[in-house]
Amino acid sequence: MGFAANQARLMGLISRKADLELEGQFIEQQKMFYANMSSGVFNLSAKLDPNSPAAKILEGRIKNLEQADKILDMHLKRITNQRDAISKDMESLDKVISKNIETTFGQMGK
């Protein structure tokens, strides 16, 4: 590929990486929200008799929040893997761009 095409690809990768990082931040924020909700529900259930119907309902809600947190963990892992792959691609593309610059300006200097 030519220099301009490599630069365009690099800009696209930078943009995608930024999008993935933002998505990861949103997921982390949602995980924190679920953790706070779970803590609040747990504190409520601690005040109740463990065998009461209300305590059973709250226990079910805590399990639902834990399941949602596990799903977010899976999404976060996928995003992290994609971000790492893009970082590696950016490193290799950086080397190609540097080589293009050396070749281009090396020929002009002769």
Indicate yes or no for a side-chain donor-acceptor contact from Ser38 to the backbone of Tyr34 under 3.5 Å, with no hydrogens or angles considered.
no

Single-linkage hydrophobic cluster, 4.5 Å side-chain cutoff, Phe42 and Met32 together
no

For the side chain of Ser98 and the backbone of Asp94, is there at least one donor-acceptor N/O pair under 3.5 Å apart?
yes

Beyond-backbone contact of Lys17 with Leu13, side-chain heavy atoms, under 4.5 angstrom
no

Once rounded to the nearest 0.5 Å, what's the spacing between atom CG of Asn81 and atom CG of Leu20?
10.5 Å

Are any of the side-chain heavy atoms of Leu22 and Gln25 separated by less than 4.5 Å?
yes

Does Gln82 reach the side chain of Lys77, with side-chain heavy atoms less than 4.5 Å apart?
no

Run through Ile57, Leu44, Val41 and flag the one making a side-chain contact (heavy atoms from CB on, under 4.5 Å) with Ile62.
Val41

Is it possible for you to say whether Leu93 and Ile101 belong to one hydrophobic cluster, with membership spreading through side-chain heavy-atom contacts below 4.5 Å?
yes

Would you compute the distance between atom CD of Glu23 and atom CZ of Arg78 and round it to the nearest 0.5 angstrom?
6.0 Å

When rounded to the nearest 0.5 angstrom, what distance separates CE in Met90 from CE in Met11?
9.5 Å

Passes salt bridge (charged side-chain N to carboxylate O under 4.0 Å, His left out), Glu59 versus Lys63? Steps please.
CA-CA 6 Å; Glu59 185 178 312; Lys63 287 182 181 180; 3.8 Å; yes

Quick one: pull up CG in Leu65 and CZ in Phe33 and give me the separation to the nearest 0.5 Å.
8.5 Å

Hey, could you give me the CZ/CG distance between Phe26 and Leu76, rounded to the nearest 0.5 Å?
13.5 Å

Nearest 0.5 Å, please: how far is CG in Leu72 from CD in Gln67?
10.5 Å

With Leu10 as reference, evaluate Asp89, Ile97, Val96 under the side-chain contact (heavy atoms from CB on, under 4.5 Å) test and give the passing residue.
Ile97

Which heavy-atom pair separates Ala55 from Pro50 by the least distance, and what is that distance?
CB-O, 3.9 Å

Indicate yes or no for a side-chain donor-acceptor contact from Ser87 to the backbone of Arg83 under 3.5 Å, with no hydrogens or angles considered.
yes

Honestly curious: do Leu48 and Met37 fall in one hydrophobic cluster under the side-chain, below-4.5 Å linking rule?
no

Report yes if the side chains of Lys31 and Asp73 come closer than 4.5 Å at any heavy-atom pair, otherwise no.
yes

